[in-house]
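Below is one structure; the comments refer to it alone.
In listed order, ligands and their atoms are each counted from 1.
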Amino acid sequence: MIAADIAEQIHNKYETAIKNGSLKLTESTSKKLKDSVSGMPYLVHFAPALAEKPEKPVSDEDPFENPSDDLIVSNDVNEDGSYKLLLNKYPIVPEHSLLVTKEFKDQASALTPNDLMLAYKFICKMDNEDENSRHLVFYNSGPKSGSSQNHKHLQAFKIPSNFVTLQDKLCSGKEHFLPSITDEPLQDNRVAFAHFVLPLPEDSTAVDEDLLAMSYFSLLQRTLTFFQDWLNEKPDLVKSYNVLLTKNWICLVPRSNAKTTDFKPEPKPEEPLEKITEETEETEETQEPEEDLTVDLSINATGYAGMVLVKDQETYDKILKNPDLIDKSLFECGFPNTSDKRPNEYNY
Ligand code: B4P
């Protein structure tokens with residue numbers, strides 16, 4: 001059972017950790033943007049100080065095994081010996097916390113019904129803090145999901161006020177359902193990347209382990225299908241995905257790359273030499289230099305709720321000029337949207 005005053009405990013621990021220097025909030029500026037095609041809202045955090053941070057942990061040590069007391073909010077947050085609650089040592093938003101398994105478990109392992117219920121109850125307790133407070137719990141699973149630590153952990157922070165995510169829009173006014181042959185999970189066909197969303201019951205007392213587990217596994221089944229289907233074209237694919245959970249919905253996103261710079265575009269089919277020569281002759285004088293659309297983004301689960309972390313000025317400038325580059329990046333780190341495909345076309 002999670003303590004009724006857990007939000008207050010996190011707040012107090014965070015304030016103390018900031019004061020005594022055990023934790024440092026990295027400064028960032030934030031900008032709201034919107035995709036011109038899908039209308040997907042984005043919140044871009046620009047944190048140039050993070051460019052200095054190594055991408056991979058510098059040592060193999062597990063930071064969650066014996067964390068500093070200054071970061072431990074609870075050693076047994078669910079009072080069942082399964083999870084501890086820590087403060088994130090390197091946050092860019094205040095009170096970013098981590099639900100970490102007490103015993104080492106692999107970050108690539110599936111969420112259990114107990115993990116899901118704990119995450120949901122945690123959100124309910126945190127959202128109760130005040131009526132405008134909404135929290136996101138997320139799980140970066142597998143090497144391409146954006147995760148940097150292998151010890152199983154879920155992360156949680158408050159969704160910035162007045163920020164409406166893609167999933168909020170998709171689920172607005174929709175009742176909970178489980179997918180069936182006639183009812184596919186929700187997926188917005190205006191964004192380029194695959195994502196699977198289910199609304200959760202409005203009444204939290206109707207949500208139990210079974211409902212969460214059935215929702216999660218039905219989305220996981222669709223998510224993992226990509227790794228079977230793409231095996232011939234991309235034999236190096238490793239099973240990776242993101243889970244995003246709020247009080248209102250659950251979303252899974254299959255992942256192909258952790259960073260946009262890892263994306264390898266499909267080679268263009270070769271054109272006959274004759275044709276290329278002709279076209280070159282005709283267009284030589286009028287051709288404009290192509291706009292450089294490459295950006296350097298590392299994307300974790302939060303990106304697929306529209307919250308994007310940018311560490312370098314060049315990428316930030318490009319995104320401000322052309323916010324549609326975010327959809328392109330989410331696509332490059334995910335898989336193509338499947339909302340136009342019928343379930344029997346991708347064989348579950
Ligand atoms: P992972 O799932 O493994 O990785 P991540 O959140 O993508 O963060 P990463 O570590 O790759 O850092 P990044 O530069 O992308 O989570 C591991 C978590 O454990 C991280 O939160 C990490 O900070 C934390 N951690 C590591 N060592 C720790 C220790 N000794 N004690 C306690 N906690 C420890 O991102 C930099 C930061 O920004 C991360 O905190 C990340 O979670 C956060 N972030 C990224 N995108 C964000 C967004 N859109 N909004 C708000 N915060 C965001």
Side-chain angles (χ1 to χ4, degrees), residues 10 13-14 17-18 21-33 41-73 84-101 105-109 111 135-160 163 165-166 240-244 253 255 257-261 296-312 315-316 319 326 329-330 333:
I10 293 175
K13 196 84 196 183
Y14 177 80
I18 286 280
S22 335
L23 179 161
K24 191 173 174 296
L25 180 72
T26 299
E27 266 184 45
S28 65
T29 47
S30 315
K31 184 106 188 144
K32 274 191 187 170
L33 300 171
Y42 301 125
L43 185 67
V44 180
H45 293 285
F46 178 45
L50 285 177
E52 311 300 322
K53 182 174 164 263
E55 269 169 23
K56 294 260 171 243
V58 271
S59 83
D60 287 343
E61 212 178 297
D62 174 1
F64 303 148
E65 195 185 354
N66 288 308
S68 144
D69 279 349
D70 294 342
L71 299 177
I72 303 174
V73 181
K84 48 193 170 189
L85 178 64
L86 309 180
L87 295 175
N88 176 3
K89 192 173 176 168
Y90 307 106
I92 60 160
V93 295
E95 302 183 20
H96 180 159
S97 43
L98 309 173
L99 290 159
V100 174
T101 55
K105 285 194 187 159
D106 196 320
Q107 185 73 3
S109 63
L111 293 175
H135 286 77
L136 171 73
V137 164
F138 58 98
Y139 183 55
N140 302 321
S141 184
K144 304 294 183 185
S145 66
S147 77
S148 62
Q149 299 298 336
N150 290 332
H151 184 143
K152 194 173 193 181
H153 62 283
L154 292 95
Q155 308 193 48
F157 61 63
K158 186 173 165 181
I159 299 174
F163 185 66
T165 68
L166 170 82
S240 299
Y241 63 95
N242 297 126
V243 181
L244 298 92
V253 179
R255 294 293 302 273
N257 289 300
K259 291 166 63 68
T260 47
T261 46
D296 185 357
L297 286 178
S298 299
I299 296 179
N300 71 16
T302 58
Y304 291 89
M307 292 177 267
V308 180
L309 176 61
V310 181
K311 300 178 187 175
D312 74 284
T315 293
Y316 189 54
I319 284 175
I326 300 177
S329 304
L330 295 172
C333 291

Review point. Taking non-hydrogen atoms only, is L98 closer than 4.0 angstrom to ligand 1 via side chain, backbone, both or neither?
Key: side chain
Practice item. Return the option from A305, A301, S147, P63 holding the heavy atom at the smallest distance from atom 29 (C) of ligand 1. Key: P63
Study note, to complete from the structure: Sorted by chain and number, sequence neighbours left out, side chain to side chain donor-acceptor pair (under 3.5 Å) with S97 holds for none
Practice item. May I ask you to list the atoms of ligand 1 that are less than 4.0 angstrom from any heavy atom of F157? Key: 50 (N), 51 (C), 52 (N)
Check your understanding: Looking just at side-chain N and O atoms, do T315 and D312 make a donor-acceptor pair shorter than 3.5 Å?
Key -> yes
Practice item. Determine whether Y316 and T29 make a side-chain contact, defined as any pair of heavy atoms from C-beta on separated by less than 4.5 Å. Key: yes
Review point. How close does the nearest protein non-hydrogen atom get to atom 19 (O) of ligand 1, and which residue and atom is it?
Key: F64 CZ, 3.4 Å
Just distance, no hydrogens or angles: give the donor-acceptor pairs under 3.5 Å from side chains in residues 299-310, sequence neighbours left out.
| residue | atom | partner | partner atom | Å |
| --- | --- | --- | --- | --- |
| N300 | OD1 | T302 | N | 2.9 |
| N300 | OD1 | T302 | OG1 | 2.5 |
| T302 | OG1 | M307 | O | 3.4 |
| Y304 | OH | L330 | O | 2.7 |

Point to revise | Closest heavy-atom pair and its distance - L25, P94 | key: CD1-N, 3.7 Å
Exercise for review: With atom 9 (P) of ligand 1 as the reference point, say which of G146, S145, S68, S148 has the nearest heavy atom.
Suggested key: S148
**Study point:** Heavy-atom closest pair, residues Y139 and S141
**Key:** CE2-CB, 3.5 Å
Exercise for review: Would you please determine whether L87 falls within less than 4.0 Å of ligand 1 on a heavy-atom basis?
Suggested key: yes
Check your understanding: How does L86 reach ligand 1, if at all, at less than 4.0 Å between non-hydrogen atoms: by side chain, backbone, both, or neither?
Key -> neither
Check your understanding: Does the K84 side chain pair with the main chain of F64, one donor and one acceptor, at a distance under 3.5 Å?
Key -> yes
Exercise for review: Considering only non-hydrogen protein atoms, determine which one is nearest to atom 27 (N) of ligand 1 and report residue, atom name and distance to 0.1 Å.
Suggested key: Y90 CE1, 3.5 Å
Revision key, fill the gap. Among Q149, Q155, K259, M307, closest by heavy atom to atom 16 (O) of ligand 1 is Q155
Practice item. Give the residue and atom name of whichever protein heavy atom lies nearest to atom 47 (C) of ligand 1, and the separation in Å to one decimal. Key: T302 OG1, 3.7 Å
Review point. Mind checking whether T165 and L136 have side chains closer than 4.5 Å, heavy atoms only?
Key: no
Practice item. Within a distance under 4.0 Å of any heavy atom of N300, pick out the atoms of ligand 1 and give their elements. Key: 5 (P), 6 (O), 7 (O), 45 (C), 46 (N)
Check your understanding: So F157 and H96, would you call those rings parallel, tilted or perpendicular, with 30° and 60° as cut-offs?
Key -> perpendicular
Review point. How far is atom 14 (O) of ligand 1 from its nearest protein heavy atom, and which residue and atom name does that atom have?
Key: K311 NZ, 2.7 Å
Exercise for review: May I ask you to identify the nearest protein heavy atom to atom 1 (P) of ligand 1, giving residue, atom name and distance to one decimal place in Å?
Suggested key: H153 NE2, 3.3 Å
Review point. Which one of L309, N66, V310, V44 has a non-hydrogen atom at the shortest distance from atom 38 (O) of ligand 1?
Key: L309
Point to revise | Nearest-contact summary for atom 22 (C) of ligand 1 - protein heavy atom, Å | key: N88 OD1, 3.5 Å
Point to revise | ligand 1-proximal atoms of Q107, by part, heavy-atom distance under 4.0 Å | key: neither
**Study point:** Distance from atom 41 (C) of ligand 1 to nearest protein heavy atom, with residue and atom
**Key:** H96 CE1, 4.2 Å
Check your understanding: Quick one: does K311's side chain get under 4.5 Å of D296's, heavy atoms only?
Key -> no
Study note, to complete from the structure: Atoms of ligand 1 under 4.0 Å from any heavy atom of H45, numbered from 1 in the order shown, are 50 (N)
Study note, to complete from the structure: Of all protein heavy atoms, the one nearest atom 31 (N) of ligand 1 is K89 CB, 3.4 Å
Review point. Any donor-acceptor pair under 3.5 Å linking the side chain of N257 with the backbone of K259?
Key: no
Practice item. State whether the side chain of H151 and the backbone N or O of Q149 hold a donor-acceptor pair below 3.5 Å, judged by distance alone. Key: no
